[in-house]
Amino acid sequence: MAESSFREQVYALARQIPKGFVATYGQLAALAGHPRAARAVGFFMKTNPDAPRTPCHRVVASDGRLTGYSGAGGVAAKRAMLQSEGVVFKGKKVDLSVSSWLKKT
DNA sequence: AAAATGACGGTGT
DNA sequence: TACACCGCCATTT
């Protein structure tokens with residue numbers, strides 16, 4: 001089953017993000033073994049074959065900024081969804097100092 | 001097989 | 001915060 005493909009690693013990590021927290025593309029890429037493939041990671045979310053089971057909405061940019069989102073409402077809906085899960089927002093960005101998944105222990 | 005693309009990241013202005 | 005440029009990577013066409 002699992003082909004150790006880079007993309008599968010990223011999807012697996014995305015599913016591991018606890019509710020109320022978010023991870024950055026760079027972080028997922030790093031955890032997957034490619035610390036510089038943040039760009040590629042964004043592509044995986046876009047193609048996102050596991051859409052309903054992969055919480056791609058919990059993945060944000062390094063600044064905590066929301067980007068893209070192919071779902072309805074775009075980043076606006078994504079933002080609302082994250083807030084609904086307990087993620088703290090700071091203006092248009094996520095407060096990574098509080099809601100970052102790998103930010104702390 | 002080669003070129004183009006993009007839900008990035010960082011830095012500079 | 002906004003905008004511009006470069007560098008990096010895997011996927012898609």
Side-chain angles (χ1 to χ4, degrees):
Chain A
M1 74 158 247
E3 320 234 333
S4 326
S5 298
F6 178 45
R7 73 190 268 179
E8 198 174 310
Q9 303 290 313
V10 176
Y11 291 136
L13 289 163
R15 296 195 302 264
Q16 289 163 68
I17 300 174
K19 184 172 122 191
F21 287 86
V22 297
T24 72
Y25 298 98
Q27 286 296 339
L28 293 183
L31 292 172
H34 296 244
R36 311 245 163 142
R39 218 161 182 168
V41 172
F43 216 93
F44 305 152
M45 297 295 118
K46 179 172 96 161
T47 59
N48 184 351
D50 305 293
R53 82 180 184 186
T54 301
C56 46
H57 63 264
R58 290 191 189 145
V59 188
V60 300
S62 64
D63 313 43
R65 217 156 60 85
L66 275 59
T67 51
Y69 193 62
S70 304
V75 299
K78 184 166 163 179
R79 186 167 73 227
M81 193 153 21
L82 290 169
Q83 286 178 107
S84 186
E85 294 199 333
V87 173
V88 180
F89 269 73
K90 185 142 227 189
K92 298 169 158 189
K93 296 192 274 197
V94 176
D95 188 339
L96 295 175
S97 36
V98 184
S99 304
S100 180
W101 177 37
L102 313 154
K103 168 72 188 314
K104 52 187 220 107
T105 53

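Keep in mind that this is a model prediction, so the values were computed, not measured. Each chain gets a letter, A, B and so on, in the order the sequences are listed, and its residues count up from 1.
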Roughly how many Å is it from [atom1] in [X] to [atom2] in [N], rounded to a whole number?
X        : N       : atom1 : atom2 : answer
Leu28(A) : dG9(B)  : CG    : P     : 10 Å
Arg58(A) : dA7(B)  : CZ    : C1'   : 17 Å
Phe43(A) : dA7(B)  : CZ    : C1'   : 10 Å
His34(A) : dG6(B)  : NE2   : P     : 22 Å
Asn48(A) : dT12(C) : CG    : C1'   : 16 Å
Phe6(A)  : dT11(C) : CZ    : C1'   : 11 Å
Tyr11(A) : dA10(C) : OH    : P     : 15 Å
Asp63(A) : dG10(B) : CG    : P     : 7 Å

Sole candidate of Leu82(A), Val60(A), Val87(A) that passes side-chain contact (heavy atoms from CB on, under 4.5 Å) when paired with Ser99(A) = Val87(A)
ask   = What nucleotide among dA7(B), dG9(B), dA2(C) has an atom nearest to a side-chain atom of Thr24(A)?
value = dG9(B)
note = To the nearest 0.5 Å, atom CZ of Arg79(A) lies from atom NZ of Lys92(A) at 7.5 Å
Give a yes or no on whether a donor-acceptor pair under 3.5 Å exists between the nucleobase atoms of [N], that is its base, and the side chain of [X].
X        : N      : answer
Tyr25(A) : dA7(B) : yes
Arg39(A) : dC8(B) : yes
Arg36(A) : dG7(C) : no

Phosphate contact (dT1(C) OP1 or OP2) by Lys93(A) side-chain N/O below 4.0 Å = yes
ask   = Side-chain N or O of Ser62(A) less than 4.0 angstrom from OP1 or OP2 on dG9(B)?
value = yes
request  = Would you mind telling me which residue lines up with the more 5' stretch of DNA chain C, Thr47(A) or Ala38(A), judged by nearest nucleotide?
outcome  = Ala38(A)
ask   = Toward the 5' end of DNA chain C, which comes first, Arg65(A) or Ala37(A), by nearest nucleotide?
value = Arg65(A)
ask   = Any sub-3.5 Å donor-acceptor pair from Ser84(A)'s side-chain atoms to Ala80(A)'s backbone N or O?
value = no
Tyr11(A) side chain vs Arg53(A) backbone, donor-acceptor pair below 3.5 Å = no
task = Report the relative orientation of the aromatic rings in His34(A) and Phe6(A); use parallel for angles under 30°, tilted for 30 to 60°, perpendicular for over 60°.
result = tilted
task = Assign each of Ala61(A) and Val41(A) to its nearest nucleotide of DNA chain B by heavy atoms, then name whichever residue's nucleotide is nearer the 5' end.
result = Val41(A)
